[in-house]
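Inspection log for the structure reproduced underneath, given as structure tokens.
Predicted model only: the values in this text are computed from it and were never measured. So that the names make sense, note that chain A is the first sequence line, chain B the second, and so on, each numbered from 1.
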Number of protein chains: 2
Amino acid sequence: MAENMAERKKAILRAVTDDYITTAEPVGSRTIARKYGLGVSSATIRNEMADLEEEGYLEQPHASAGRIPSDKGYRFYVDSLMTGRYLPGFEEKRIRLEYERRRDEIRALIRTTARVLGDISQCASVVVGPAVKTAEIRHIQLVPLSSETVLVLVVTNAGLVEHRVLTIEHTMHSADLDRISRILNSKLRGSTLAQMRGAVLREVQAELSAYAAFLDQMFELLLAAMHSPDEERVYVDGLMQLLAQPEFKDVDRARPVLEFLESDDLVLRALAVAGSRGLGGTVVTIGSENVRDELQSCSVISAPYGVAGKVVGTIAVVGPTRLDYSTVTALVGYMAEGLSDILARLNSRESGE
Amino acid sequence: MAENMAERKKAILRAVTDDYITTAEPVGSRTIARKYGLGVSSATIRNEMADLEEEGYLEQPHASAGRIPSDKGYRFYVDSLMTGRYLPGFEEKRIRLEYERRRDEIRALIRTTARVLGDISQCASVVVGPAVKTAEIRHIQLVPLSSETVLVLVVTNAGLVEHRVLTIEHTMHSADLDRISRILNSKLRGSTLAQMRGAVLREVQAELSAYAAFLDQMFELLLAAMHSPDEERVYVDGLMQLLAQPEFKDVDRARPVLEFLESDDLVLRALAVAGSRGLGGTVVTIGSENVRDELQSCSVISAPYGVAGKVVGTIAVVGPTRLDYSTVTALVGYMAEGLSDILARLNSRESGE
DNA sequence: CTTAGCACTCCCAGCTTGCGAGTGCTAATG
DNA sequence: CATTAGCACTCGCAAGCTGGGAGTGCTAAG
């Protein structure tokens, strides 16, 4: 769109956007002339701003206030005007530090990510954790707990350790369980739980026909676990930071957004787009570009993370449309990359030699 | 305190409190006379109310508004006036239903508890999950993942399954790990991780001296896990419901409370009291009775839950001092009991025969 | 095309005003 | 002597008004 906009107009649009992002106040021609050295008078800027408004890049909250960027204006800003796209050094350092000490446990890692993301962006943050059902199985193991119960353990390539307790009818010996574990491992390693239902499953059943009843029970449990509404996958943080933003000083304006963020389902669906584009890209969705009504006044910046080229989850920042696109885009990109790196390390270690 | 308050005065205090709890509006003498059939005129009630105010049970938000209960008034209401203490049948049914389908996984159970608690009370809810370090160990198991990594699995009597991945230097054979697991089990079962460091630990070391290096590493990891600031233990829900309460329509009034609830540490400390009184009781803390500044305008109703007579966690509802003490007390009590029951069942199953 | 000047618009904060709700006092009542 | 009706009084709140300030759009001159 309008890449050929006159340079001065671009400069003005950038100035308005930059200023509004930091001050949260509608910005007038005078301010632009004073604070941003464009070498023209406020009257000239006024004319340009009137044009920009007519073209839909700016809008006035009310007749005699300054201008603020419209969604279209933000979009243009993000696509062609935004400078920087780098993360302040000390933030980067902080992230590395936090990640340094959380390398072991994936859940802690995810919580930390959400917290840091919220802290730095001063917005709400979302981290979607790995889904069990689509992750590659690294290891599967049956552990005897008591004569009546067996723990089914699944370790995925995303570092996730999932477990269920299975109540069994006939006592199984430790040796039996080991044998089953070994065969399950050799057959299932590398495939996903979702794929498991097909051919592989029948194959296992054939090889272990002696334990048919037990296996039935176990698979049923695993499939149920996998179909459970993706609980535990979505971590939200920084709600406080969001409330501190001036656009949400009115609780009634904030509530829809907070309610949206509280619903794991909706969040998952809204972030599905980011994941579908593959690793390495950040997606910015501005105001009315969001499908959901609740997010019409919000922007979402999201990026997928993953292992071995495969997407396993998404991280995102949700804030008012007036958000610091440059910094937050850099932030989200950096953290997604960081997460991917750590997962890769975890993964190589666990699949070791 | 003043158990010998005149019956009519009590009735009036009860009426004021009941009315204010449901309407959130200061209540005047006229309203009492009309809505609560005390058989006296508003003038009489006015006189009594003036007395009650002088004695500190009521207060006026401003000179010519109705009265609202003071913290002292609420305290008296909770201790001596409150009627009911029962939970509506349909709520009870809902809780049973929700618990019915979440019997297996303790984390899901806890999340559900928090959600339901928030839903029904229309307030914020907190569930403190079992701590690993003080829970009794039911089962401990080492699972080989790769030649470089071993999964350490600890199952506690509270149904908690905790796991850490341990990177080892020298390859361990599955048989070795089994042998270690067996011995660990026989020595450690029934004790807590916190107790582990002492005599038991040395005993194990002696018996398994061949694996000394490995054991050192493992214990270190477990102890580190146990000393990590109790992450993952605190689940908060119903923040939205809290914001919907009229006393929090102003974000600035709500923020301190929300910030408090976002800090796991503070929440844990505030709820420590409830746990220390043993199973079966609910604790009500009203407004200024709370130590923390952030909670001066809130009331907290909490109850511990546990297994085999031992407290393993706490659930709580946090709302404005104007909260429905009768219903919420019943609710919190009922859910704590329900949680305990489920844990007991889990426990007996896993330690089975 | 740019700019200075100016009239105009509109929000906002502060003030006033008129209700309505509720109180406290007083005097009358059983 | 407790209870009650009556009444003046207080106060918060919403509505209406007002002045100031910020910012615009227009126009005419450079």
Side-chain angles (χ1 to χ4, degrees), chain A residues 5-13 15-20 22-70 73 246-247 249-250 253, chain B residues 5-13 15-20 22-70 73 246-247 249-250 253:
Chain A
M5 189 190 285
E7 277 315 313
R8 195 177 59 192
K9 237 179 194 165
K10 285 191 193 173
I12 291 175
L13 181 51
V16 171
T17 310
D18 281 339
D19 204 73
Y20 184 61
T22 62
T23 66
E25 298 285 325
V27 20
S29 52
R30 206 187 164 69
T31 314
I32 303 279
R34 238 186 303 127
K35 281 177 42 181
Y36 303 80
L38 299 186
V40 291
S41 81
S42 68
T44 308
I45 293 174
R46 266 204 295 285
N47 289 329
E48 299 277 42
M49 280 168 84
D51 284 2
L52 283 166
E53 181 169 1
E54 206 161 338
E55 293 160 38
Y57 295 102
L58 294 179
E59 51 195 28
Q60 278 182 299
H62 55 261
S64 106
R67 305 293 210 298
I68 63 176
S70 66
E247 22 274 283
K249 71 174 196 306
D250 183 5
R253 208 157 277 291
Chain B
M5 189 191 285
E7 276 315 314
R8 194 176 61 192
K9 238 180 195 165
K10 285 191 193 173
I12 290 175
L13 180 51
V16 171
T17 310
D18 281 339
D19 204 73
Y20 184 61
T22 62
T23 65
E25 299 285 325
V27 17
S29 52
R30 207 187 163 69
T31 314
I32 303 280
R34 236 185 306 125
K35 281 176 45 180
Y36 303 81
L38 300 187
V40 291
S41 82
S42 68
T44 308
I45 294 173
R46 265 204 293 287
N47 289 328
E48 298 278 41
M49 280 167 83
D51 283 4
L52 282 166
E53 181 169 0
E54 206 160 339
E55 294 161 38
Y57 295 102
L58 294 180
E59 51 196 29
Q60 279 183 298
H62 52 261
S64 106
R67 305 296 210 295
I68 64 176
S70 66
E247 21 274 283
K249 72 173 195 308
D250 183 4
R253 208 158 276 292

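Side-chain polar atoms of A/Tyr36 and A/Asp19 form a donor-acceptor pair below 3.5 angstrom.
Residue B/His62 places its side chain closer to D/dC11 than to any other of D/dG25, D/dC11, C/dC11. With C/dC10, D/dG25, D/dT24 as the choices, the nucleotide that has an atom nearest any side-chain atom of A/Ser64 turns out to be C/dC10. If you check D/dT4, D/dT24, C/dT3 against the side chain of A/Val40, the one that comes closest is C/dT3. Nearest to the side chain of A/Arg46, among D/dT24, C/dT23, D/dT4, sits D/dT24. When each of D/dG23, D/dG25, C/dT3 is scored by its nearest atom to the side-chain atoms of A/Glu53, the top-ranked nucleotide is D/dG25. Among the nucleotides D/dT4, C/dT23, C/dT3, the one closest to the side chain of B/Ser29 is C/dT23. Nearest nucleotide to the A/Ala63 side chain, out of C/dT23, C/dT9, D/dT24: C/dT9.
Distance A/Asp51 CG to D/dG25 C1': 13 Å, rounded to the nearest Å. We find that CD of B/Gln60 is positioned 10 Å from P of D/dC11, with the value rounded to whole Å. A straight line from CD1 of A/Ile32 to C1' of D/dT24 spans 14 Å, rounded to a whole angstrom. Summarising the geometry, the separation between CD on B/Glu48 and P on D/dA2 is reported as 11 Å, rounded to the nearest angstrom. B/Glu25 has its CD atom 10 Å from the P atom of D/dC13, to the nearest Å. Residue A/Arg34 contributes atom CZ, which lies 12 Å from atom C1' of D/dG23 at whole-angstrom precision. Between the CD atom of B/Glu54 and the C1' atom of C/dC25 there is a distance of 15 Å, rounded to whole Å. Straight-line distance from the CD1 atom of B/Ile45 to the C1' atom of D/dA2: 14 Å, rounded to whole Å.
The distance from atom CD of A/Glu55 to atom CD of A/Glu48, rounded to the nearest 0.5 Å, is 9.0 Å. Atom CD1 of A/Ile32 and atom CZ of A/Arg67 lie 10.5 Å apart (nearest 0.5 Å).
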**OP:** For the pair A/Thr44 and A/Arg8, evaluate side chain to side chain contact (heavy atoms under 4.5 Å, CB included) and give the outcome as yes or no after the intermediate values.
**Re:** CA-CA 10 Å; A/Thr44 308; A/Arg8 195 177 59 192; 3.7 Å; yes
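For the pair B/Asn47 and B/Pro61, both in contact range of DNA chain D, the more 5′-proximal nearest nucleotide belongs to B/Asn47.
As judged by a 4.0 angstrom heavy-atom cut-off over every strand, A/Ala65 is placed among residues touching the sugar-phosphate backbone only.
Between B/Ser41 and D/dT3, a side-chain N or O to OP1/OP2 separation shorter than 4.0 Å is absent. In this structure, B/Arg67 reaches the C/dG24 phosphate: one of its side-chain N or O atoms is under 4.0 Å from OP1 or OP2.
Checking side-chain atoms of A/Ser70 against main-chain N and O of A/Gly56 turns up a donor-acceptor pair under 3.5 Å.
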